[in-house]
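Accompanying notes for the structure given below.
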Amino acid sequence: MVNLRPQLARHLDQRLTAFAEGFRQNLALIGPPGSGKTFQLERLLANPPGHLTLIYCPPSRETRASLLYRLRCAVLQAGVGGAPSPALDVLMERAQAQVPNTAAAIRTAGELAARRFFGEALTRTLDAIPILIEEQHRPCVLILDEFLFLEELGMPHAFHELGKRVMTWTSTLFILSSSAPSRARAILRERLQLLFGQFELLALDALDGPIAAAWVGQELR
């Protein structure tokens, strides 16, 4: 598929390359629905750099238990690689052989979620990421598409927990996106250390009409 934002794609690639070489600059993509944020993130996932581990979990309108389940799956999937599987038990079995310490941490997080300790389950799941980094001996990129859904799920503390890790996890690159620019800016400023230079803010406008029309004409001859 044609990439209508080639300059942005190159910029994202450059940021990942720089991160692998030791320079970390977290990224926040904000723009209206349909501006191409998810497309760019999925492009990164389709061609993951071999020297980085990518964890991708797009929050959506679902229950907290469902989101935490998918986040645990995302961490394990990043640890074992191979064909994606939505089944936690399958991923856990593979992870026990490849990244056993990460698997143990995810199991603990799952037990907390089963007891409805969702806040603690979230922090334990996040804290499995440094364990994964240590087991794989390579840095990690955590991608949260539409991250504001965390607040809609009644987990506003998640931003505080993320903010602490943004400041201290030098081996993890955070990439966030949101279709609610004003609210996203406020969360980034107040809770995710934007003012401390922790995030580069990439604001996307809606696609230009003639450019979009040309793409439609090319794709749908």
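Numbers here simply count residues along the sequence, with the first being 1. Please read all numbers here as calculations on a predicted model, not as lab measurements.
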Indicate the atoms forming the closest heavy-atom contact of [X] with [Y], along with that distance.
X    : Y    : result
L204 : P32  : O-CD, 3.2 Å
T53  : R138 : OG1-NE, 2.8 Å
L76  : A103 : CD2-CA, 4.2 Å
T102 : A128 : CG2-O, 4.2 Å
I187 : F147 : CG2-CE1, 3.8 Å
S171 : I133 : O-CD1, 3.5 Å

From [atom1] ([X]) to [atom2] ([Y]), nearest 0.5 Å:
X    : Y    : atom1 : atom2 : result
S178 : L148 : OG    : CG    : 3.5 Å
R189 : F199 : CZ    : CZ    : 14.0 Å
I106 : L91  : CD1   : CG    : 10.0 Å
Q98  : L132 : CD    : CG    : 10.5 Å
T123 : F118 : OG1   : CZ    : 13.5 Å
H51  : F19  : NE2   : CZ    : 9.5 Å

Hey, any chance [X] and [Y] share a hydrophobic cluster, counting ILVMFWY side chains that come within less than 4.5 Å of each other, even indirectly?
X    : Y    : value
I131 : M92  : no
L45  : L202 : yes
F174 : L150 : yes

Between S179 and E146: side-chain donor-acceptor atoms closer than 3.5 Å: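 Yes, a side-chain donor-acceptor pair sits under 3.5 Å.
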
No-hydrogen, no-angle side-chain donor-acceptor test under 3.5 Å, H11 and E200: yes

Any sub-3.5 Å donor-acceptor pair from [X]'s side-chain atoms to [Y]'s backbone N or O?
X    : Y   : value
R15  : R10 : no
R94  : G81 : yes
D145 : T38 : no

A side-chain contact here means heavy atoms from C-beta on lying under 4.5 Å apart; do [X] and [Y] qualify?
X    : Y    : value
C57  : L67  : yes
L112 : T125 : no
L71  : L122 : yes
Y69  : L88  : yes
V166 : N26  : yes
L16  : L44  : yes
R107 : Q96  : yes

Audit row: L144, Y56, side chain to side chain contact (heavy atoms under 4.5 Å, CB included) steps and yes/no: CA-CA 6 Å; L144 295 177; Y56 178 61; over 6 Å; no

Side chain to side chain donor-acceptor pair (under 3.5 Å) partner of S66, chosen from R64, E62, R70: E62

Does the distance from a Lys or Arg side-chain N to an Asp or Glu carboxylate O, for [X] and [Y], drop under 4.0 Å?
X    : Y    : answer
R43  : D13  : yes
R165 : E161 : yes
R124 : E120 : yes

E151 vs R183, side chain to side chain contact (heavy atoms under 4.5 Å, CB included): CA-CA, chis, key distance, verdict: CA-CA 11 Å; E151 188 173 50; R183 183 59 182 155; 2.5 Å; yes

Worked verdict on L126 versus L142 for side chain to side chain contact (heavy atoms under 4.5 Å, CB included): CA-CA 10 Å; L126 291 174; L142 176 60; 4.3 Å; yes

Intermediate values then yes/no, side chain to side chain contact (heavy atoms under 4.5 Å, CB included), I55 and C140: CA-CA 7 Å; I55 300 174; C140 171; 3.5 Å; yes

